[in-house]
Each structure stands twice: as structure tokens, then as C-alpha cells.
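The structure under discussion appears below in the form of C-alpha cells.
Quick caveat: nothing in here was measured; it's all calculated off a predicted structure.
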Amino acid sequence: MTKPSISREEIHRLSRLSPFELKSEFVRLAEHYQADRPGQKEKSTAHMLNAGRGNPNWICTGPREAMLALGHFALTESRRVWTADNLGGMPERIGIAARYDRFARSHPELPGIDLLSACLSLAVDRFDLDRDDLVHELADAAIGDNYPVPGRMLTAVEQIAAGYLRDELMDHRPPADRLDLFATEGGTAAMCYIFDSLVQNGLLHKGDRIALMVPVFTPYIEIPELDTYQFDVVRIEASSFAEAGVREWRYPTEEVAKLADPSIRLVCLVNPSNPPSLALSRRVTDQIRSIVESTNPGLIIVTDDVYGTFVDHFRSLAADLPRNTLLVYSYSKHYGCTGHRLGLIGLHRDNVVDDALAALPQAEKDRLAARYGRLSLDPGSIRFIDRLVADSRQVALNHTAGLSLPQQAQLALFSLFGLLPEGKAYKAKVQAIVHQRLELLLEGSGMKISQDPERAGYYVELDLLAEAERTSGAAFAAYLQTTYEPTEPLFRLAEQTGVVLLNGGGFDGPEWSVRVSLANLDDLDYLKIGHHLKAILDEYRAEWTATELR
């Protein structure tokens, strides 16, 4: 390998971009890296290894088949009501469950019908749902013939999703209080809606102090910097080391203690973290709980738990601090359904956000009464989670709010599948996939990471500078810092090996760290990536040794 063709100045300039925008430059280099090889007349991407994407290379097939079977039944119901060429009617509720049973018995060969029946039976038994109501809600949703009613989330679908979250994100030990949900267009929409509504409702103001537990998914870094918000951001850094040269990616007590400052109105975290991919420790959870109980009782917590299913017995802050926590969840990674855009915002019925709304000065209440006055004769009684729905549609379009109904039906089937034995077996499989890939990456690179039972393993963040110091001492690490830009290894990897990784500094991690997605390539590709990382460090070490011998 040799130095990349891009100058240090250009690398420095490009490194100001978001990691996901900088990735485009790495992809461009990776796509062209074979063109200069002798004997190759055309450029090829056959060997590009793009581990910068978080999109998994697996999908969950069973609930998708069940959804297709539901669609077949729903169209049968539509044609039962009205048949004229390509015209159908709206499914009727009365007797629909019995008609479904006849349909299932008469179509045993239909892929997904058995799983669909198992999902419906589970929903009725566990959530005490009326079977006609449930089957009608899902059949009507599958053909998408209505606006979402209620706009926040379909009634049965909300109960099913809440049960799924209680099992998967609260370790079967949820708080007694009811969890209300708002179905959103993926976790990304959930983030945008939360920031917007907190400001629209006067709970946060431009320039207010908030905290981020870093490293963290980049939108949580970039949104607060926008002109709309310009928040004063305090960083809670996962800066501890397990041993010399091996980052633990855990939050020291003194870092978490920053949250005790009552001027911090909001804290955002991804749990398990992105990129380090570790679930929050019990020590940190207990410390945050102690802070909330003592010095900062009004602290609003936004926890993004999209990777929670990759850790056994995962427990969200929404379970331990239900009054203070807004929960964000997405089905995208676990079920391989990023294109479906299935997300949730959860807020327990008794919460500090609604308390803060009730405590606003009268002038603010009057302003908000004017904002939401068209929705209710008593706008002050509108809870925050319902304000999220209204704000997501600029209030005026509240009557047409809500996630599309076919998406809500699929969300319900993913949730029910996750509660079945088949779903638990699927969960174990996808957990094993990412951990196998992590082992291969470490085998190829020879790098050392901390052993942690709370590791999700969907990503891994590797600190190249710490690894350099661990293997060759502080002088070698100092040489790298003096001689190269922190993202230089990523340009070198992309241009000369076709490997695309993301820069950890863009996630507010150490500047010399890199994020590797363990979800989107074949297993043995991670062994190759590990070898390339090792070769890069060996090359730097050889350059440094030559410099030292001069």
C-alpha cells in the first residue's frame, strides 16, 4: 500500500462532512480502486466491501409471508362486499373472524397462512382482543382503504406493539403504568418529531442546555446544531479503558455526574450504543436514576433502543425511569426492513413532559391553546404524545396523520412473530450472525476489544490510535497523530483495498476510531476487512520504523 492520492489538505477538508456524507467519497474511491490494476479494462466493484452501511443483509421472511396471506384474505373480503371488474368494497367487521377461519382452512397451501393464524390467536389470547375487531382492523389495514384512525396508531396494533416492547426492551418486567405509542416513519422520523415538538411546546428553547451520551448516532449530534435549535450541548463521554490500549466504551461515574446539573433539560442516548454497540450498564442506569430522584427530577431522557433486541435480557431506561423517558424504537435492523420505515415513539401515561406542559407560564399556555385550539375545545388537555402526532402534520393536517395502514399491519405481524417461539429462534440466529462476524474481524485484524456481556455486536468501534499504542507504544501513536489526518486510514483503505468504513470521530468518538457495521456483508468479508486493517497498521509501523532509523 501507498499513501492515498488525495492530499492531506483535501482529506482535512472532506473530514468536516458527516460520516454518512464522507462515506460517499470512500465509496467512490472503492468503486474505482481496481481500475488501475494491470489487465483490467473496465472498472469493477466486485471486491468493494462496504461496511459503512447499517442496513442488514438479512430479512425476516415469516412475518412478510403472513402479511401477504393477510392481503389475500383482505382482498377476498373486499370482493365479497362488491365485485365489479376491478372494483371491490371495504371489508365488513361482523363475522369476519369466522370467515377468516374458513379462508385459512380452505387455503392450507397459502404461504404464511399458518403463521398468520398463530399470530392472530396469540394476539387474542394475550391482549384480550375481540377477534372480529382484530381481524377487521388488520384486514382493513392491509388494503389501505382508510385514513389511519386513530391517527396516532391503530387500537389493536398499539396494544400488540406495546406488548412486544415490554418483552423485548423491558425484559418482561415493565412498569405498571400504561405505555402509549405513536407509530412513525422509522426511527429517523421519531427523532425529528421529538425535537420539533419539544421546541414547539416551549419545553426546550433555542440555546438551552442538553446532553448527549457519546459516541452517538450522528443525527443526535447534527440536529441540535441546526439554526432552529442551537442547543448548548454537554457531552457525556464513554472514555474509560478496560486496560492500556483497549477502550471499554463505558461511561465513567464523573461523566454521568454531569447530568446532575439541573440546567440540562434533556439527554439523548442510543442504547445499545452506536457505534460501540454496548447496552448501558446497570451502574450507569442506577446513577442516572439517582440523579433524577435527587438533583434533576425534570430531566427528559430520549433513549433510542433500536439495537436492544441484540442483547439478551436488555432493559431500557424507559423501564427503569418511565416518568422521564421518551422511547424511540425501530423494527428496521432486527427484522431487516429498513425500507418499510417502521418506528415507534413511546411515552408512559404518567410522565414529566406532561407535567412540564401543565407548569408552563400562562402566556405559553395561551400560545399553545391557539396552536392546538382547532383540535379540541380544551387544548390544554392534549397530551404531549398526541401533540407529537399533530405537530408531525403541521397541526392543520392532524386529521390525516398517522403511519400508513399497510405498514401498521406489517408492524403488528413483526411484533407478534417476535413473541412466538419462532420469533425467539430467529432472534438467536441474528444475534449469532453479528457475533460470528465480529470474531472473524478480530481474527483477521489481531485487534483486542474489551470482553463485555452487554455487547450487541451490530457494530464495533475500533480505536486505531489506541491499538497502535497497545502494540508499539506511545511514540508510534504520536507519530501517526503528527504525520497524518485521523481519517487518512479510511481513504487509504477505500482507494487501495475497496474497503469502506466510517470515521468514529463523526459520531463524537475518538478521532482515530473507525466504525465497522457487522450486519451487511458476508461472514468471511469481515476476515478480509480485518486483514486489510492489520496491513494498514503494519504499513504505518514500517514507515515509522524507517523514520526512527534515519
Could you pull out every donor-acceptor pair under 3.5 Å between side chains of residues 182-190 and any protein atom, sequence neighbours left out?
from	atom 1	to	atom 2	distance (Å)
Thr184	OG1	Gly186	O	3.0
Glu185	OE1	Tyr193	OH	2.8
Glu185	OE2	Tyr193	OH	3.4
Glu185	OE2	Arg393	NH2	2.8
Thr188	OG1	Arg341	NH2	2.9

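Ion pairing between a basic and an acidic side chain is recognised when a charged N comes within 4.0 Å of a carboxylate O; Asp538 and Arg541 show such pairing. With salt bridges taken as basic N to acidic carboxylate O contacts below 4.0 Å, one links Lys206 and Asp227.
Put simply, the side chain of Cys60 does not reach to within 4.5 Å of the side chain of His334, judged on heavy atoms. Contact check for Ile6 versus Leu29: side-chain heavy atoms found under the 4.5 Å cut-off. For the pair Phe241/Trp249, no side-chain contact is recorded, criterion being any heavy-atom separation below 4.5 Å from C-beta on. With a 4.5 Å cut-off on side-chain heavy atoms, Val306 and Val328 do not count as touching. In this structure, the side chains of Leu266 and Leu299 stay at 4.5 Å or more apart for every pair of heavy atoms.
Atom CD in Gln481 sits 9.0 Å away from atom CD in Glu469 (nearest 0.5 Å). Residue Leu357 holds its CG atom at 5.5 Å from CG of Asn201, rounded to the nearest 0.5 Å. Atom CG of Leu441 sits about 10.5 Å away from atom CG of Leu521, to the nearest 0.5 Å. To the nearest 0.5 Å, the span separating CD on Glu25 from CG on Leu490 amounts to 12.0 Å. Tyr220 OH to Asp508 CG: the interatomic distance, rounded to the nearest 0.5 Å, is 14.5 Å. Rounded to the nearest 0.5 Å, atoms CG (Leu198) and NE2 (His205) are 11.0 Å apart.
Residues meeting the side-chain contact (heavy atoms from CB on, under 4.5 Å) test with Ser281, sequence neighbours left out: Arg250, Arg283, Val284. Every residue two or more places apart in sequence or in another chain that forms a salt bridge (Lys or Arg N to Asp or Glu O under 4.0 Å) with Lys427 is listed here: Glu168. For Arg247, the salt bridge (Lys or Arg N to Asp or Glu O under 4.0 Å) criterion is met by Asp463, not counting sequence neighbours. Under the salt bridge (Lys or Arg N to Asp or Glu O under 4.0 Å) criterion, Lys448 pairs with Glu243, not counting sequence neighbours. Residues meeting the side chain to side chain donor-acceptor pair (under 3.5 Å) test with Asp171, sequence neighbours left out: Arg173, His313. Annotation: side-chain contact (heavy atoms from CB on, under 4.5 Å) contacts of Glu237 (sequence neighbours excluded): Val214, Arg235, Ser239, Glu255. Among residues two or more places apart in sequence or in another chain, the ring pair (Phe, Tyr, Trp, His ring centres under 6.0 Å) test is passed with Phe217 by Phe20. When the ring pair (Phe, Tyr, Trp, His ring centres under 6.0 Å) test is applied to Tyr459, the partners found at least two apart in sequence or on another chain are Tyr307.
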Derivation of the side-chain hydrogen bond (donor to acceptor under 3.5 Å, both in side chains) call for Asn503 and Glu511: CA-CA 7 Å; Asn503 54 313; Glu511 286 191 332; over 6 Å; no
Derivation of the ring-ring contact (aromatic ring centres under 6.0 Å, His included) call for Tyr426 and Phe414: CA-CA 11 Å; Tyr426 169 84; Phe414 279 136; 8.9 Å; no
Full working for ring-ring contact (aromatic ring centres under 6.0 Å, His included) between Tyr484 and Tyr540: CA-CA 10 Å; Tyr484 295 107; Tyr540 285 136; 5.0 Å; yes
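A donor-acceptor contact shorter than 3.5 Å is absent between the side chain of Ser472 and the backbone of Phe476. Checking side-chain atoms of Asn520 against main-chain N and O of Asn50 turns up a donor-acceptor pair under 3.5 Å. At distances below 3.5 Å, at least one donor-acceptor pair connects side-chain atoms of Asn296 with backbone N or O atoms of Asp261. With hydrogens and angles disregarded, a donor-acceptor distance shorter than 3.5 Å links the side chain of Ser277 to the backbone of Gly457. Remark: side-chain polar atoms of Arg515 are paired, donor with acceptor, to backbone N or O of Gly52 under 3.5 angstrom. A distance-only check finds a donor-acceptor pair linking the side chain of Thr471 to the backbone of Glu467 [under 3.5 Å]. The main-chain N or O of Val353 is found under 3.5 Å from a side-chain atom of Asn351 such that the two form a donor-acceptor pair. Side-chain atoms of Gln431 come within 3.5 Å of backbone N or O of Thr309 as a donor-acceptor pair. For Ser415 (side chain) and Tyr164 (main-chain N/O), no donor-acceptor pair under 3.5 Å exists by modelled atom type.
Nearest heavy atoms, Trp512 versus Pro489: CZ3-CG, 3.7 Å. The shortest non-hydrogen separation linking Ser513 to Glu461 is OG-OE2, 2.7 Å. Heavy-atom minimum distance, Ala318 versus His348: O-CE1, 3.2 Å. Contact detail for Ala161 and Leu411: the closest heavy-atom pair is CB-CD2, 3.9 Å. Taking all atoms of both residues into account, the shortest heavy-atom contact from Ala238 to Pro215 is CB-CD, 4.1 Å. Nearest approach of Val389 to Ala401, heavy atoms of both residues: CG1-CB, 3.6 Å.
Screening residues 263-278 for salt bridge (charged side-chain N to carboxylate O under 4.0 Å, His left out), with sequence neighbours left out, gives Asp208-Arg265. Within the structure, side chain to side chain donor-acceptor pair (under 3.5 Å) pairs that include any residue of residues 12-22 comprise Glu10-Arg13, His12-Glu485, Ser15-Thr487, Ser18-Glu222 (at least two apart or interchain). For the side chain to side chain donor-acceptor pair (under 3.5 Å) condition, the pairs that include at least one residue of residues 315-326, sequence neighbours left out, are Arg282-Asp320, Arg289-Asp320, Asp305-Ser316, Arg315-Asp320, Arg323-Asp350, Arg323-Asp355.
When each of Tyr458, Phe310, Trp58 is paired with Ile433, the side chain to side chain contact (heavy atoms under 4.5 Å, CB included) condition holds for Trp58 and for no other.
No side-chain donor from either of Glu248 and Ser450 sits under 3.5 Å from a side-chain acceptor of the other. There is no side-chain donor-acceptor pair under 3.5 Å between Thr303 and Asn271. Side-chain polar atoms of Gln407 and Ser404 form a donor-acceptor pair below 3.5 angstrom.
Annotation for Glu254: atom CD counts as buried by contact number, over 12 foreign heavy atoms lying within 6.0 Å. Other residues, nucleotides and ligands contribute over 12 non-hydrogen atoms within 6.0 Å of the CD atom of Gln287.
By the 30° and 60° cut-offs, the orientation of the rings of Tyr479 relative to Trp544 is tilted.
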